[in-house]
Amino acid sequence: MVEPIYMPVLPAKRDAWNAYAQLDLRVRRRIAPLWTLVPRIGTERTRGERAAPDPDSDRTALGTWLAPRMDQLIEAMDGVTGWVDAAHVEGSVNGAARSLWRLMTRSGLRLVTGPGSSSGMTGTATVIPYLFCMMGGAAV
């Protein structure tokens, strides 16, 4: 396997994933994008700063909004490795759980976490791969 030589930071928006999907597969295999989930409501956080308290308290609406976006991102990635920064849904991990599960079990994408990540997101990024393995790799 050839290691990626470039890691762009891209917003998980239609224009970005459509442009990425149009790249030749040989090029996509040399790129490992870090997709940043945009907030459903409110503004994006400044890179490198802690996320403000999440104004999105409607978990059902978040799940409904996020699912098709994650499915489109999975399709655009077409099994190629990459990462997802889900900082904008950290305050509503329960609302985003189904989409994050699909993202991590149906694609080569992995959640990134760091010192500023919530314990809920860190737990999600750790537990989902474990559960997936324990289930024999069965995507839900």
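Position 1 is the first residue of the sequence, and the numbers go up from there.
Atoms CG and CG, on L10 and D15 in that order, are 11.5 Å from each other to the nearest 0.5 Å. Rounded to the nearest 0.5 Å, atoms CZ (R69) and CZ (R14) are 7.5 Å apart. To the nearest 0.5 angstrom, L73 atom CG is 13.5 Å from R106 atom CZ. Note that OG of S107 and CG of D78 are 11.0 Å apart. Values are rounded to the nearest 0.5 Å. The distance from the CG atom of L109 to the OG1 atom of T81 is 8.0 Å, given to the nearest 0.5 Å. To the nearest 0.5 angstrom, L34 atom CG is 14.5 Å from R110 atom CZ.
Between L100 and L111 the shortest side-chain heavy-atom distance falls below 4.5 Å. Between W17 and E75, the closest side-chain pair of non-hydrogen atoms is not below 4.5 Å. A 4.5 Å side-chain heavy-atom check between M70 and L37 finds at least one atom pair inside the cut-off. Counting heavy atoms from C-beta outward, V9 and P33 have side chains that stay 4.5 Å or more apart. Counting heavy atoms from C-beta outward, D85 and W35 have side chains that stay 4.5 Å or more apart.
With sequence neighbours left out, the side chain to side chain contact (heavy atoms under 4.5 Å, CB included) criterion links D71 to I74, R102.
What you find for G63 and S99 is that their closest heavy atoms are O-OG, 4.2 Å. When all heavy atoms of K13 and V38 are compared, the closest pair comes out as CE-CG1, 3.5 Å.
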Checklist entry - Yes or no on side-chain contact (heavy atoms from CB on, under 4.5 Å) for R30 and Y6, after CA distance, side-chain angles and deciding distance? => result CA-CA 7 Å; R30 302 297 305 267; Y6 181 59; over 6 Å; no

Throw together a table of side-chain donor-acceptor distances under 3.5 angstrom for residues 20-27, partners on residues two or more places apart or in other chains.
unit_1: D24; atom_1: OD1; unit_2: R26; atom_2: N; d: 2.8
unit_1: D24; atom_1: OD1; unit_2: R26; atom_2: NE; d: 2.9
unit_1: D24; atom_1: OD2; unit_2: R26; atom_2: NH2; d: 3.3

